[in-house]
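Position 1 is the first residue of the sequence; numbering continues from there. What's counted below: heavy atoms across the whole structure, side chains too, no hydrogens, waters or symmetry copies. All values reported here derive from a predicted model rather than from experimental measurement.
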Amino acid sequence: MTQPKHLSQTNISECVLNMMSTLGMPYFMEAFIIASWELWKLRNFKIFYQGSPSINLWVRPFKDQVLLQLVRVREDRRLCIIQWLESIS
């Protein structure tokens, strides 16, 4: 079984740029940065507080942070982003 192109690349910046062009999602880089930041915070929770990370402990803050950033998004693109967020479990 062959891996998708973005998974077979070894350079993380190449992977991100490839996904950005492949998905064609507006504000991909902003979502990627928010996702990375929330993962970093979850990592710190695990290390410093011996927490038990879960996908739900990442998804909720990620969605909250994206919703906070909506004030920076053009009004005609907000609905698309909200619908995308609702599709994430």
Side-chain angles (χ1 to χ4, degrees):
M1 181 175 189
T2 60
Q3 290 182 329
K5 186 178 178 185
H6 67 275
L7 294 178
S8 63
Q9 297 168 336
T10 56
N11 183 334
I12 188 69
S13 57
E14 286 178 17
C15 293
V16 172
L17 291 173
N18 187 326
M19 287 185 67
M20 186 168 58
S21 65
T22 302
L23 294 176
M25 185 178 116
Y27 306 107
F28 171 83
M29 191 55 74
E30 289 82 354
F32 178 80
I33 291 169
I34 292 169
S36 299
W37 177 245
E38 293 303 330
L39 283 171
W40 183 263
K41 289 176 16 183
L42 190 58
R43 172 199 168 272
N44 287 346
F45 171 70
K46 164 80 170 128
I47 291 171
F48 298 116
Y49 302 105
Q50 291 73 42
S52 180
S54 71
I55 191 72
N56 290 334
L57 286 176
W58 173 79
V59 169
R60 183 76 258 152
F62 170 75
K63 286 181 173 183
D64 291 345
Q65 193 58 239
V66 171
L67 288 172
L68 286 173
Q69 295 298 320
L70 278 180
V71 297
R72 299 176 57 219
V73 175
R74 284 188 353 214
E75 194 169 330
D76 61 329
R77 299 243 174 134
R78 289 181 187 162
L79 181 60
C80 174
I81 294 171
I82 291 170
Q83 289 172 341
W84 174 72
L85 281 177
E86 289 173 351
S87 73
I88 299 172
S89 52

In this structure, would [X] and [Y] fall into the same cluster of hydrophobic residues linked by side-chain contacts under 4.5 Å?
X: Trp37; Y: Phe28; answer: no
X: Val71; Y: Val73; answer: no
X: Val59; Y: Leu67; answer: yes
X: Ile55; Y: Trp84; answer: yes

With sequence neighbours excluded, tell me which residues meet salt bridge (Lys or Arg N to Asp or Glu O under 4.0 Å) with Arg74.
Asp76
Quick one: are Phe62 and Leu39 in side-chain contact, heavy atoms under 4.5 Å?
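Counting from C-beta outward, Phe62 and Leu39 never come under 4.5 Å.
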Minimum heavy-atom distance between Lys46 and Gly51, given as atom pair plus value:
CD-O, 3.2 Å
Closer than 3.5 angstrom, by distance alone: can the side chain of Lys41 be matched with the main-chain N or O of Ser36 as a donor-acceptor pair?
no
So, taking the atom named [atom1] in [X] and the one named [atom2] in [Y], what distance separates them when rounded to the nearest 0.5 Å?
X: Lys63; Y: Ile82; atom1: NZ; atom2: CD1; value: 12.0 Å
X: Arg60; Y: Ile88; atom1: CZ; atom2: CD1; value: 10.5 Å
X: Ser52; Y: Leu42; atom1: OG; atom2: CG; value: 9.5 Å
X: Leu79; Y: Leu70; atom1: CG; atom2: CG; value: 10.5 Å
X: Asp64; Y: Leu85; atom1: CG; atom2: CG; value: 9.5 Å

Any chance you could lay out the side chain to side chain contact (heavy atoms under 4.5 Å, CB included) test for Trp58 and Ser54, step after step, and finish with the verdict?
CA-CA 7 Å; Trp58 173 79; Ser54 71; over 6 Å; no
side-chain hydrogen bond (donor to acceptor under 3.5 Å, both in side chains) partners for Gln65, two or more places apart
Gln69
